[in-house]
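What follows is a single structure, written as C-alpha cells, with notes after it.
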Amino acid sequence: MKNDRYQPQKIEAKWRQKWEEAGLYRAKIDRNKPKHYALTMLPYPSGDLHIGHWYAMAPSDVRARYMRMRGYNVLFPMGFDAFGLPAENAAIKRGIHPYKWTMDNIKRMREQLKSMGTMFDWEREAITCLPEFYKWTQWLFLKFYEKGLAYKKLAPVDFCPQCNTTLAREQVWGEDRHCERCGTPVLKKELSQWFFKITDYAEELLDFSKIDWPERVVSMQKNWIGKSEGAEVAFHTEDGDEFLIFTTRPDTLWGVTFMVLAPEHPLVDKITTDQYRQAVEEYKAQAARQSEIERLSAEKEKTGVFTGAYAVNPVNGQQVPIWIADYVMMGYGTGAIMAVPAHDERDFAFAKKYDLPIVTVIQPEDSSFSGELKEPYTDVDHGVMVNSGAFDGTPATVGKAKVTAWLEEKGLGRAAVNYRLRDWLISRQRYWGAPIPIVYCAKCGTVPVPYEDLPVILPEDAEFLPTGESPLKYNEGFLHTTCPLCGGPADRETDTMDTFICSSWYQYAYLSPYYQGEQPFDPEEGAYWLPVDQYTGGVEHACMHLIYTRFFTKAMRDMGLVDFDEPMLSLRNQGIILGEDSEKMSKSRGNVIAPDDLVREYGADAVRAYLMFGWRWELGGPWNSRGIEGVYRFLHRVWELLLSPVEQSLSQAQNGEEVDALRRKLHQTIKKATDDLDNFSFNTYLAALMELSNLMGKVKEKLWSSEVWQEATRTFCLLLAPACPHLAEELWSRLGYEFSVHNQAWPVFDERLVVEETVEIVVQINGKIRDRLVIPADADEAFVKEKALSSQTIQNGLQGETPRKVIYVPGRLVNIVK
RNA sequence: GCGAGAGUGGCGGAAUUGGCAGACGCGCUAGACUUAGGAUCUAGUGGGCAACCGUAGGGGUUCAAGUCCCCUCUCUCGCACCA
C-alpha cells in the first residue's frame, strides 16, 4: 500500500472543525485539576493578522497546549482591544462607522486566528468596544472616582496634533517627545483633564518580589517610576516668601551659592525686581516657546537669568541670588532647586557660564587639593564634609542622614521621597472610546453617573471631524442630560477614556464576558482561575500596559474585587520578526510577510514550527524564506517516517543494541522537550524532535515491526502535538489511536533510560585532547585512570615522564598533567 | 551620562552548574535517482597542506574558560538637564 503525501491543506481545516464540534478547548472549572491561566496580549483589530501576531501567539499556544497535556486545566482566552483611533480615522477618511469597521475587522481576524490552530476558548471572547464590556470599564472608573483615585485638574498636558487628543506621559516617547502611535512631536497645552492617581501606588509598584518578570521589564519600570530619596528644605526670600526645594544631597547644603526656579514657578513674578523684570519676562516667553517648537536643540547649553531677588540659606544664613533657568523642570520635585556647583554637574556648568561662586563642602579623602575645581566632585561614597559648621569632618557616607535628622530637629526640612512617575492622564478627545461617566451640573457641580444608569452609551450618529475636541461635544443628544442629583439640566463629560484602561482589566473580563452580575466578573470564576499564571507579549508595553494593569489590580484589590497583589505572576516577552531585508516590516518597504499566504503554501503547522525553530523567541530577527522550507521538509519527513510502511522488515531478531539506542534517545528527547518547553526554549525543543526523527529514520528498517518502534511513533505524536496540532492529530489517528491526541497526557521519561550505558571519555595531556576511550558508564575512577594511562597514544605523549597529577571528571574526561 | 541586554562558522542558532565549541536547521560541495530539477535521497561541510589556530579585542584565575574576574571596543533597547 502506497501512502499518500503530507498535504496540510487537506487535514488542517478538517481537524479544526472536529475540535470545535467536540468542544475540545472549552475551559470549565474543574476542582480536581490544578488550574493554569495562560494569556497572550490581545490584539488591536487592525484588519489583518500579521506575522508578528503569529510570532507572539503561536508559541504561547504551544505552551498552553503543553500545560494542558501536563495535566493542568488551562484557560487560554482571546479577545480584541477594539476601541482606538484607526477605527475613527477610517470613519473620517472613508465614512465607515467605527463600529462597523471594527466589527468587520474582528470577524476577519477571528477566522485568521482560528486558522493558526490555537486552543483559544472562543466562548470567552471579549470585545472591549461593546457596551456590555465598557459598562464595566465605566463602572471601574466610578469606583476609582469614589476611592479618590480619579480626579480632574487643569494642567499642562501633552497633545498630539496628528491624533487630535491628549496623551498620557507614558505615550510620549523619545528625546523629541513624539506620540507613541503616530510619531508626531507633541505639543504642550493647558487643559482640564481626568487623571488616575497611579502615583498613590508608586512605592508598591516598585516591589517586584511577588512576580517572575524579565529583568528588562523590571528595570524599565523601576526606571520609569524613578524613586529618589533625599530631603525637602524650606528656603525663604529676603522678603519672607517661603519656597520648598527637593535635594538628594542635603549634606551639601553649606555649598549652596545660588538658587534656581523653573521659569513657570509661581513665585517668579512676585519676587522679580523691576530692574530684572524685562529680562525675566523675555526668558519665560522664550522658554515657553521653545518647549513648543524646537526640542531637538542638540547641545543642552544651560541658560538662565537673574531675578534680582535673594534667598537666605537656612543652615548658615547666607544670602544667595535666585535665578530662573529651563534646566529646572516645574513637573519634577518642587520646581525649585538649591544649586551646589562644587558637587553637581549641571550647577557647575551654570556657575561657570554665569560666573557664580563655587564653594567646596565635600573634600575628597586622600587628596589635599585646594584652589579652583576643574570639575564638580560628585562622588557620594568618599570624602568628608568641610566648610559646613558643626558637620565638618563628617564622612560623606553618613552626612546625608545626619544632616536630614538635624534639619528635622531644627524644623528646617524633612526627609522626602520623590518619584518621576506622573499621574495617568486618561481623557481623550475622541469618539471611539468608553465615555467617562460624569455629568456637570450648574447647581451640583461634577456628578458621577449612578451605577444603575451604566453604561453611558456612545451615540451612533456622531459627526467625525478632526477638530481636536471630542465629537461627542457636538452631539446634542449625547451632551444634554439631566443631573442625577437635582434633575435639572446638565451636560455630560464628552471626553472618552484612554483605551489602555480597557486593557488594564480585560484579563478579568475573560472569566465571564459581558457579566450581568454586581461586579465586572463572576467571583466564582475569579476564585478558581485568578490570577494569570503566564502572560506573554511584547516588551514595548513595559511602561504602559504592564504598569497600568499592575496599578489596576492593586486598586481593585483595595476595593475588595480581587485578593492578590499582582495580575500576572510570570511574564515572557517575544521579540520582533523583521523583514527578509533585516528592516522593520512595513507596506512602504514592501517587505511584509503575510501569514495567510504562508498557510496556503505550507500549512499552519509549518508556519508555527518555523516561528518556533527559527530564532530565540525573546530576540526575534529577520525572516528567511529558506528557513520555512527546511521546517516544511521536516514535517514531510515525519509524515513518511511514521506512516509509510517498510516493504520487508529486515531482522525480526530485534537487534538489542538498536532497541536500546532508540529507547534511550526517546527518553532523552522527552526530557529535553519537557525542559525546553518549561523554559520557553522553543527552538531547541524542535531541534530535539528533529534529532529523534533523524535517529528513527536510521533504525526504521530494522525496528519497524518492533514494540519500541510503536512506542517511538506514539511518543513522537505526543511530543509534536503542542507544536503542530493538526499534523499530530492526523498521525495519531492514522496510527490507529483514539481521538484526540490533545487529550493525552504528556509522556514521562524514565531517568534510568536516559543514561547512556557506555560513555566516551576524552583523555587530555595538559588540557589537549590526545585520545578517546569508550568505557561502561558505571566504571570507577581507578579503572578509567588506569585505562587512560595505559593507552598507547598517551604512553607516547608522556614519553616516560610520570604525570604530576591526573584529574578525572566522571563521564567526561581524564586530564593528565605533566 | 544612567540602566538593561547582546557580541560564537557564509547565515539562524546549540553548548546542564568551568569539562569534547559549533547540536538542529539553512546555505554550500560531491554523488544517486530522474526527460528535467529550485523535488527527493546519500555523504561531506569552522579555518589551515600540516603541527596547530579558533567563541569581539587585551590581560588574569584554573589541570581545564564561550562560560568566572579585570580592562577595552562594538551593537541593540529603555530613560535622560530628575535636582
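Chain identifiers are assigned alphabetically (A, B, ...) following the order of the sequence lines, protein sequences preceding nucleic acid strands; residue numbering begins at 1 within each chain.
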Item to check | E242(A) CD: over 12 foreign heavy atoms closer than 6.0 Å | outcome: yes

Checklist entry - If anything within 90° of 0 is syn and all else is anti, what is G31(B)? => result anti

Checklist entry - Dot-bracket for RNA chain B, 5' to 3', counting Watson-Crick or G-U wobble pairs under 3.5 Å, with [ ] for crossing pairs and | for inter-strand pairs? => result (((((((..(((......[....)))((((((.......))))))((....))..(((((..]....))))))))))))....

Item to check | A39(B) versus U45(B) - spacing of their C1' atoms, nearest Å | outcome: 22 Å

Checklist entry - Residues in ring pair (Phe, Tyr, Trp, His ring centres under 6.0 Å) with Y685(A), at least two apart? => result none

Checklist entry - Is a donor-acceptor contact shorter than 3.5 angstrom present between the side chain of R812(A) and the base of C20(B)? => result no

Next on the checklist: Applying a 4.0 Å non-hydrogen cut-off, can you work out what N694(A) is touching in the nucleic acid: base, sugar-phosphate, or nothing?
Outcome noted: sugar-phosphate

Next on the checklist: Checking side-chain polar atoms at under 3.5 Å, does Y283(A) have a donor or acceptor matched by the opposite partner on T303(A)?
Outcome noted: yes

Next on the checklist: Distance check, C1' atoms only: C69(B) and C20(B), in whole angstrom units.
Outcome noted: 25 Å

Checklist entry - Between W224(A) and E170(A), do the side chains contain an N or O donor and an N or O acceptor separated by less than 3.5 Å? => result yes

Checklist entry - If the C1' atom of C26(B) is compared with that of G13(B), how far apart are they to the nearest Å? => result 11 Å

Next on the checklist: Regarding M220(A), tell me which of base, sugar-phosphate or nothing describes its non-hydrogen contacts under 4.0 Å with the strands shown.
Outcome noted: sugar-phosphate

Return all side-chain donor-acceptor pairs below 3.5 angstrom for residues 330-342 of chain A, not counting sequence neighbours, or 'none' if the list is empty.
| from | atom 1 | to | atom 2 | distance (Å) |
| --- | --- | --- | --- | --- |
| Y332(A) | OH | S228(A) | OG | 2.9 |
| T334(A) | OG1 | L244(A) | O | 2.6 |
| T334(A) | OG1 | A336(A) | O | 3.4 |

